[in-house]
Amino acid sequence: MSSKINAAITAVGGYVPDTILDNATLERMVDTSDEWITSRTGIKERRILGDGKATSDMAAYAIQNLLENTGINPDEIEVVILATSTPDHNLAPTAPLAASKAGLKNAWGFDFNAACSGFLYALSVAASFIESGRHKKVLLVGADKMSAIVNYEDRNTCVLFGDGAGVVLLEPSTDNAAVLDTVYKSDGNGVQFLSVPAGGSAEGTSIETINGKRHSVIQDGRTVFKNAINGMTSTSKELLAKLNLTTNDIDWVVPHQANLRIIDSVGENLGVAKEKVKVNIQRYGNTTAATLPLCLWDFNNDFKPGDKLLLTAFGAGFTWGSTCIVWGELRNKK
Ligand code: UT7
């Protein structure tokens, strides 16, 4: 008789570039204002990686940060899953490169693309590797160099995004920690409202796509905004019902950081007190797959073993969902 193995997050790490792009600088680049950006999005500044470095570098720095904090031997890491929408290359996955740059000799790895929901979706996959008994140490990274795919002449999008990477280690749980359950959804019709249209197999690269700025993020903000609030609210409610929990049982909500007004609306819809909803969008903007692990990294000192965290995200695809986890004792404290 084998007893059920639960997956626990046992360590967190992160990396954000040093270079800050603040609202005052954006005011000089496009027709915008600090007042508009702050009141409409909650963002004050974001980090920019700059030329010569790629998503794999940020992922590797985040992994090294986790390994240094915990003292874990890099050779013990078995798998690296990298959630990203900004791989170093179209062909050749970024995870193996990140693993090599981080000095992991025994890990296999692969990329996972579900846009802003990438980390959330992949948490289920990473947890399954642990729960099945197949692996004992899995790193899950969320990393995006959004500055590589943002058009800094488009005020509708360039104020929103930033660069960063966060990582968690999953291991078999030795306390009550667990990835309890998930509700995930997707709707491919959403692609018309948020995507990088060109550069993939649907629309290759040509003079027209370059001149038309079709290699950068294009978004119908209002449609995405409404769907994000509805999607994150409904999957969170569905998940709580599935787990027989109420909002009162949730100690912390960790939402995708795309817009403070979206975060506030989801919190209000769920009836969660503001103090329980984690927000760091003012410092990093929307880092796509990195928002959730960067929140876990930033706020891990607030989480106590046994706390229930509700993670929720919405992104391109559309992709969205909610996951409930029980926090455990960490190997490291930031
Ligand atoms: O991670 C998942 C993906 N992304 C999201 O979840 C983002 C979802 N959407 C949003 O966060 C919001 O829709 C935005 C922040 C993108 C836009 O906010 P909004 O309140 O929905 O504004 P809007 O798009 O309805 O635009 C209102 C006005 C427009 O002017 P007009 O047409 O009313 O004259 C825009 O041109 O604001 C204008 N505007 C700006 N003004 C100053 C748009 N961007 C800017 C800007 N600065 N940066």
Side-chain angles (χ1 to χ4, degrees), residues 21-46 83-86 113-121 142-147 149-164 166 184-187 189-197 213 216-236 254-267 269 279-282 284-295 311-322:
L21 175 60
D22 61 15
N23 292 349
T25 308
L26 281 166
E27 281 179 352
R28 296 194 290 275
M29 294 163 64
V30 289
D31 179 15
T32 191
S33 64
D34 173 49
E35 197 284 325
W36 191 96
I37 302 171
T38 306
S39 63
R40 304 311 287 167
T41 73
I43 302 167
K44 295 300 269 184
E45 56 188 45
R46 27 353 256 125
T84 188
S85 297
T86 51
N113 183 344
C116 295
S117 306
F119 180 87
L120 186 82
Y121 273 19
D144 269 303
K145 184 184 177 183
M146 292 305 290
S147 61
I149 58 165
V150 162
N151 172 7
Y152 285 97
E153 292 170 2
D154 176 14
R155 70 174 185 176
N156 291 295
T157 51
C158 74
V159 302
L160 302 173
F161 296 100
D163 303 337
Y184 296 157
K185 313 266 182 189
S186 66
D187 177 2
N189 295 313
V191 72
Q192 62 192 297
F193 303 111
L194 175 54
S195 73
V196 173
K213 304 276 184 194
S216 306
V217 176
I218 290 174
Q219 171 171 243
D220 172 351
R222 263 179 228 187
T223 303
V224 177
F225 187 91
K226 279 186 227 145
N227 280 277
I229 294 171
N230 291 341
M232 289 195 276
T233 301
S234 61
T235 52
S236 295
V254 181
H256 173 52
Q257 313 279 310
N259 186 315
L260 185 57
R261 290 185 293 138
I262 295 177
I263 294 170
D264 286 345
S265 296
V266 171
N269 290 346
V279 175
N280 60 8
I281 191 172
Q282 65 280 7
Y284 305 143
N286 182 351
T287 55
T288 304
T291 64
L292 293 182
L294 279 176
C295 274
L311 279 54
T312 184
F314 184 93
F318 293 140
T319 54
W320 71 101
S322 301

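Start at 1 and go down the list; that is how both ligands and their atoms are numbered.
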* Mind checking side chain to side chain donor-acceptor pair (under 3.5 Å) for Asp220 and listing every partner two or more places apart, or none if nothing turns up? => Thr223
* Every residue of the protein that comes under 4.0 Å of ligand 1, judged on heavy atoms -> Asp31, Thr32, Trp36, Arg40, Thr41, Cys116, Arg155, Asn156, Val159, Leu160, Leu194, Gln219, Gly221, Arg222, Val224, Phe225, His256, Ala258, Asn259, Arg261, Ile262, Asn286, Phe314
* To do: Any chance you could measure Leu311, atom CG, to Cys295, atom SG, to the nearest 0.5 Å?
  => 8.5 Å
* Any residue meeting salt bridge (charged side-chain N to carboxylate O under 4.0 Å, His left out) with Lys226, in chain and number order, not counting sequence neighbours -> none
* Asked: Taking side chain as C-beta onward, heavy atoms only, is Thr319 less than 4.5 Å from Tyr184?
  -> no
* **All side-chain contact (heavy atoms from CB on, under 4.5 Å) counterparts of Asp34, not counting sequence neighbours** => Asn23, Glu27, Thr38, Lys44
* To do: Check whether any side-chain heavy atom of Leu120 lies under 4.5 Å from a side-chain heavy atom of His256, and answer yes or no.
  => no
